[in-house]
Number of protein chains: 2
Amino acid sequence: MEEALGVPARLIRPVRHGNAFEETIERLLQHIKLGLFGVGEKLPAERELSELLGVSRATLRDALAELQKAGYVEVRRGRSGGTYVSEGRLGGLAGSADLDPAEVNDVLTFRAVLEPAASSLAAKAALSPRQRRHLLDALADVAAAPVELYRPKDARFHVAIAEVSGSPSLVAAVADTRARVSDLLDRIPFLEPNLEHSNRQHQEIIDAILRGDADGAYRATQDHLQGTASLLHGFLVSPENSSAAASDVP
Amino acid sequence: MEEALGVPARLIRPVRHGNAFEETIERLLQHIKLGLFGVGEKLPAERELSELLGVSRATLRDALAELQKAGYVEVRRGRSGGTYVSEGRLGGLAGSADLDPAEVNDVLTFRAVLEPAASSLAAKAALSPRQRRHLLDALADVAAAPVELYRPKDARFHVAIAEVSGSPSLVAAVADTRARVSDLLDRIPFLEPNLEHSNRQHQEIIDAILRGDADGAYRATQDHLQGTASLLHGFLVSPENSSAAASDVP
DNA sequence: TCTTAATGGTCTGTAATTAGTCCAAAAGTC
DNA sequence: GACTTTTGGACTAATTACAGACCATTAAGA
């Protein structure tokens with residue numbers, strides 16, 4: 001695992017991860033899967049969305065056409081038409097497929113760094129009434145979600161916490177990492193999650209944040225992540241792979 | 001600051017930040033400024049580098065030509081020729097220029113999340129002799145650096161800590177954030193940094209990591225970041241901008 | 001010394017991407 | 001019902017980016 005420490009090649013990452021078309025599809029899919037655009041809701045208009053994504057309308061349209069063909073969205077034209085997120089079609093096909101241990105460790109470690117910190121920052125921030133409302137809305141939303149919509153609502157909830165932490169970079173990192181975890185979860189057989197337990201933990205996190213208890217929020221979030229971490233680690237056979245990933249960070 | 005909470009538009013980021021040419025220049029510059037390629041050292045060969053950066057050789061060459069024109073690198077042809085990092089020309093022109101308070105807060109907050117966590121993870125990991133050596137080398141390197149080379153060596157040191165933390169994503173995030181801080185520092189008048197104090201803190205961090213003291217490493221890193229944070233905050237006039245940024249995360 | 005290998009330098013054809021314009025449908029507004 | 005606005009749909013020309021082949025230069029190695 002540890003070849004070439006310090007050799008620049010190890011630290012040089014690709015500037016681009018595929019062409020604009022592919023990256024746009026991936027980004028849109030990420031937003032849909034993370035519940036950023038709820039089922040049945042409308043995406044921004046093409047002209048606006050292409051602007052937001054920093055991509056030409058032509059490229060965006062190619063990507064949207066692909067998503068439409070795959071059944072993720074429906075497109076209607078005319079005034080108050082637009083691109084609408086389809087029902088169903090969430091959470092991929094629970095095919096097995098091999099988890100890359102390095103990817104699992106990386107994403108779980110990184111997430112264990114980001115999310116508890118986000119909760120802690122949220123607790124320390126002087127939250128406006130709007131922000132409190134936002135958190136409570138997200139909490140209620142995930143608590144009310146049926147099992148098949150749980151994952152996106154859950155993701156949306158955790159991103160909401162990052163949103164009130166005051167750092168856009170942190171929000172982006174949390175969203176990216178959630179998407180990566182989601183992709184990993186799509187690759188393992190579906191296990192009925194313990195929604196009640198999860199919701200209780202969500203409540204704890206929010207309670208701690210709203211009463212300004214940074215340490216409590218940090219620890220509650222840490223505990224909450226543990227479940228997914230163990231689940232994913234359980235699907236890595238080799239006992240060598242466990243390492244310190246997803247363990248706590250003070 | 002808090003308009004449109006939860007509205008998707010806020011969470012949609014550009015897929016690309018400019019064209020491939022610009023992104024490549026920026027990335028190379030980042031690597032040079034962060035001391036990834038030391039002064040006088042040779043960058044990987046064009047064919048290899050273009051592969052690593054995921055960009056065509058033509059585009060990479062355009063970018064290198066630009067860097068050459070700006071005096072950052074020198075190019076020699078023939079066998080064992082290549083692209084060499086020039087002396088001098090580091091650390092931009094200490095022009096004043098306006099700091100964007102949002103950017104300052106974002107980057108300092110994010111960094112305060114990432115770096116202490118990286119140190120803590122490094123302390124918890126079972127470090128191989130090579131990894132310990134890598135850390136000690138980086139430490140010695142920064143301690144021996146003359147003032148004009150301090151910034152890149154310092155950055156390299158902190159990236160080295162992230163490298164042994166076991167999460168490539170964390171390494172990338174730390175490197176990116178360091179680069180952003182560096183850009184901000186370039187925009188304020190040069191203040192002679194207290195190198196001795198900084199080096200003592202580096203030593204403390206490494207000591208804690210090597211003896212496996214995660215909490216100690218976390219706190220030492222937190223303290224170390226405080227200096228830069230105060231410095232940058234000092235250049236933001238409005239008292240409203242301080243917020244919780246760069247404060248500690250449990 | 002001669003050969004070879006590693007490197008940057010140059011060119012060409014193709015594909016992806018963009019910006020811009022105009023068209024067509026649907027729904028609101030008067 | 002006629003007009004206007006908002007939306008997706010379709011085309012074009014220009015630019016950017018790419019892959020690949022080939023040339024030129026230099027130093028290492030036989």
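In what follows, chains are A, B, ... by sequence order, proteins preceding strands, each numbered from 1. Every heavy atom of this structure was used, including side-chain atoms; hydrogens, water molecules and symmetry mates were not. Every value quoted in this text rests on a predicted model; they were computed, and no experiment measured them.
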Subject >> Whole-Å distance separating the CG atom of A/Leu67 from the C1' atom of D/dG8 >> reply: 16 Å

Original post:
A/Glu103: what forms a side-chain hydrogen bond (donor to acceptor under 3.5 Å, both in side chains) with it, not counting sequence neighbours?
Top reply: A/Arg180

**OP:** Please identify each residue that fulfils salt bridge (Lys or Arg N to Asp or Glu O under 4.0 Å) with B/Arg47, with sequence neighbours left out.
**Re:** none

Original post:
Can you give one letter per nucleotide of nucleotides 23-30 of chain C, 5' to 3': B if a protein heavy atom sits under 4.0 Å from the base, S if only from the sugar-phosphate, - if neither?
Top reply: -BBBB---

Original post:
Under the side-chain hydrogen bond (donor to acceptor under 3.5 Å, both in side chains) test, which residues partner B/Arg13, sequence neighbours left out?
Top reply: A/Asp176

Subject >> Contacts of type side-chain contact (heavy atoms from CB on, under 4.5 Å), residue B/Ala143, not counting sequence neighbours >> reply: B/Asn199

Original post:
Excluding sequence neighbours, so at least two apart, what forms side-chain contact (heavy atoms from CB on, under 4.5 Å) with B/Glu26?
Top reply: none

Subject >> side-chain N/O A/Arg76 vs D/dT7 OP1/OP2, d < 4.0 Å >> reply: no

Using the 3.5 Å cut-off, write out each protein N or O paired with an N or O of nucleotides 12-18 of chain D and the distance between them.
residue	atom	partner	partner atom	Å
D/dA17	OP1	B/Ala20	N	2.6
D/dC18	OP2	B/Ser56	N	3.2
D/dC18	OP2	B/Ser56	OG	3.0
D/dC18	OP2	B/Thr59	OG1	2.4

Original post:
With B/His202, which residues qualify under side-chain hydrogen bond (donor to acceptor under 3.5 Å, both in side chains), at least two apart?
Top reply: B/Asp154, B/His158, B/His224

**OP:** For the pair B/Glu22 (side chain) and B/Asn19 (backbone), establish whether a donor and an acceptor sit closer than 3.5 Å, ignoring hydrogens and angles.
**Re:** yes

Subject >> Rounded to 10 degrees, the angle between the two terminal axes of the helix from C/dT1-D/dA30 to C/dC30-D/dG1, each from five pairs >> reply: 10°

**OP:** Return the set of residues passing side-chain contact (heavy atoms from CB on, under 4.5 Å) with A/Arg61 (not counting sequence neighbours), or none when no residue passes.
**Re:** A/Glu46, A/Arg57

**OP:** Go through the structure and list residues passing side-chain hydrogen bond (donor to acceptor under 3.5 Å, both in side chains) with B/Arg16, not counting sequence neighbours.
**Re:** A/Glu23

Subject >> For A/Ala173, side-chain contact (heavy atoms from CB on, under 4.5 Å) partners two or more places apart >> reply: A/Leu114, B/Phe110

